[in-house]
Amino acid sequence: MKNFVLKSSDKWSAKKAFSNLLLPCLILCMGSTGLLGETIELAPHSEVGSKENVGPKPENQPLQVTLAYGDHLTLDGPLENISSWTILHSGQTVGQGIGNSLLNFVFAQPGEYSVQIQDNHVHNAQSCDHSNLPSEILVTVTGKKMVFDFTQVTFSAPISNGNLNGIVLSVPVIVDSYDGSPILFQQGTVYTAGVGTNLTAIPVQNVMSLNPGTVVLNYTLSGSVSRPTYVMFDFIDVNGKVQSFGLQQQIH
């Protein structure tokens with residue numbers, strides 16, 4: 001079965017949506033034995049079948065996405081199955097088309113949008129070949145955007161194996177807003193990925209009012225690197241999107 005994947009920008013909400021979609025299918029196809037040989041506990045039949053526990057089918061639930069104004073949807077999947085798509089905003093049709101042309105639509109104005117997709121995929125009830133695409137995507141378009149300029153990242157001291165406490169990471173961000181007003185940015189800890197690391201980057205200032213333009217954000221490193229490795233920093237922008245920065249050279 002091919003997978004439908006939402007790129008970066010909403011990867012956590014997408015993972016959650018597709019976990020809800022794929023779990024019943026895996027249980028149906030594999031029985032009560034879960035992945036990695038673990039046993040999945042199933043509710044008693046009477047509870048599963050009771051009206052009080054019956055909710056909307058996962059495949060009928062729309063996928064929810066947040067974008068900044070001026071952005072496109074970035075879907076990675078078999079979009080050739082889209083026989084038609086329609087985008088509604090404030091009850092009005094603002095876009096229509098077929099197939100990959102959906103990715104060319106620009107969400108230029110903040111607000112709530114409904115992307116309705118007609119998929120010509122034929123589902124076989126005897127197998128797990130569910131539709132590759134959701135029938136509806138609810139898109140929230142915000143009036144604020146932020147782009148981290150990772151080409152200009154600097155550190156206050158060389159990064160090497162060992163204790164990195166107190167080193168300051170600085171990164172410029174390009175800030176914009178739909179109406180030109182300042183943006184309130186509540187930033188949290190930046191987490192990292194890398195073998196042999198327990199490194200985080202803590203913002204020097206948690207809450208900032210950012211005017212449109214370029215602003216430098218500063219973070220204090222906490223933790224250490226215990227072996228040669230590559231490190232990836234996951235920054236969260238003003239719309240809750242992950243923007244990742246990977247060190248180009250291995251830390252020694």
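Only a predicted model underlies this, so the values are computations on that prediction, with no experimental measurement involved.
- With contacts defined as side-chain heavy-atom distances shorter than 4.5 Å, the pair Y219/T200 does not qualify.
- Residues passing the side-chain hydrogen bond (donor to acceptor under 3.5 Å, both in side chains) test with S114, sequence neighbours excluded: E136.
- A distance of 16.0 Å separates NZ of K144 from OH of Y178, quoted to the nearest 0.5 Å.
- Residue A68 comes nearest to V141 through the heavy atom pair C-CG1, 3.9 Å, listed as atom of the first residue, atom of the second, then distance.
- Ring geometry, F107 versus Y113: the interplanar angle exceeds 60°, so the pair is classed perpendicular (tilted spans 30 to 60°).
- Here the shortest heavy-atom pairing between L88 and Q116 reads CD1-NE2, 3.4 Å.
- The structure places CG of L164 at 9.5 Å from OG1 of T197, a figure rounded to the nearest 0.5 Å.
- Relative ring orientation between F245 and F235 is described as tilted, the plane-to-plane angle lying within the 30° to 60° band.
- V115 and L138 are not part of a single hydrophobic cluster, where members link through side-chain heavy atoms under 4.5 Å apart.
- In this structure, the side chain of K145 engages the main chain of Y69 through a donor-acceptor pair within 3.5 Å.
- When all heavy atoms of S222 and I202 are compared, the pair lying nearest together is CB-CD1, 4.1 Å.
- The neighbour count for Y191 OH, taken as heavy atoms of other residues, nucleotides or ligands under 6.0 Å away, does not exceed 12.
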query: Would V175 and N211 count as a side-chain contact (heavy atoms from CB on, under 4.5 Å) if you check the C-alpha gap in whole Å, the side-chain angles of each, and the deciding distance to 0.1 Å?
result: CA-CA 7 Å; V175 177; N211 292 315; over 6 Å; no
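- The side-chain hydrogen bond (donor to acceptor under 3.5 Å, both in side chains) search around E112 returns T140, not counting sequence neighbours.
- Taking hydrophobic clusters as Ile, Leu, Val, Met, Phe, Trp and Tyr residues chained together by side-chain heavy-atom distances below 4.5 Å, V139 shares a cluster with L103.
- Considering every non-hydrogen atom in both G111 and H89, the closest pair reads CA-CE1, 3.9 Å.
- V238 is connected to V171 through a chain of hydrophobic side-chain contacts under 4.5 Å among Ile, Leu, Val, Met, Phe, Trp and Tyr, so both are in one cluster.
- Note: the hydrophobic cluster containing F155 also contains L199 (ILVMFWY, side chain heavy atoms under 4.5 Å, direct or indirect links).
- Here N198 contributes atom CG and T192 contributes atom OG1; the two are 8.0 Å apart, rounded to the nearest 0.5 Å.
- Ring planes of F150 and F148: parallel class, angle under 30° (limits at 30 and 60°).
- Between the D176 side chain and the P212 main chain, no donor and acceptor come within less than 3.5 Å of each other.
- Counting heavy atoms from C-beta on, the side chains of W85 and L73 never come closer than 4.5 Å.
- Heavy atoms only, all atoms of each residue included: L75 and I137 are closest at CD1-CD1, 4.2 Å.
- Here the closest non-hydrogen pair linking R227 and G196 is CG-CA, 3.9 Å.
- The closest donor-acceptor contact from the side chain of N239 to the backbone of L67 lies at 3.5 Å or more, if one exists at all.
- Atom CD of Q250 has more than 12 heavy atoms from other residues, nucleotides or ligands within 6.0 Å.
- Residues passing the side-chain hydrogen bond (donor to acceptor under 3.5 Å, both in side chains) test with S177: none are found, sequence neighbours excluded.
- To the nearest 0.5 angstrom, I236 atom CD1 is 11.5 Å from M146 atom CE.
- Note: H252 NE2 to T229 OG1 = 10.0 Å, rounded to the nearest 0.5 Å.
- Separation of atoms CG (N218) and OG (S170) is listed at 3.5 Å; rounding is to 0.5 Å.
- Checked by atom type and distance alone, the side chain of K241 pairs as donor or acceptor with a backbone atom of T66 at under 3.5 Å.
- I98 CD1: 12 or fewer foreign heavy atoms inside a 6.0 Å radius.
- For N163 and N165, the side-chain atoms include at least one donor-acceptor pair closer than 3.5 Å.
- Taking the side chain as every heavy atom from C-beta outward, I117 and L102 approach each other to under 4.5 Å.
- Linking Ile, Leu, Val, Met, Phe, Trp and Tyr residues whenever their side-chain heavy atoms come within less than 4.5 Å leaves L169 and V242 in two separate clusters.
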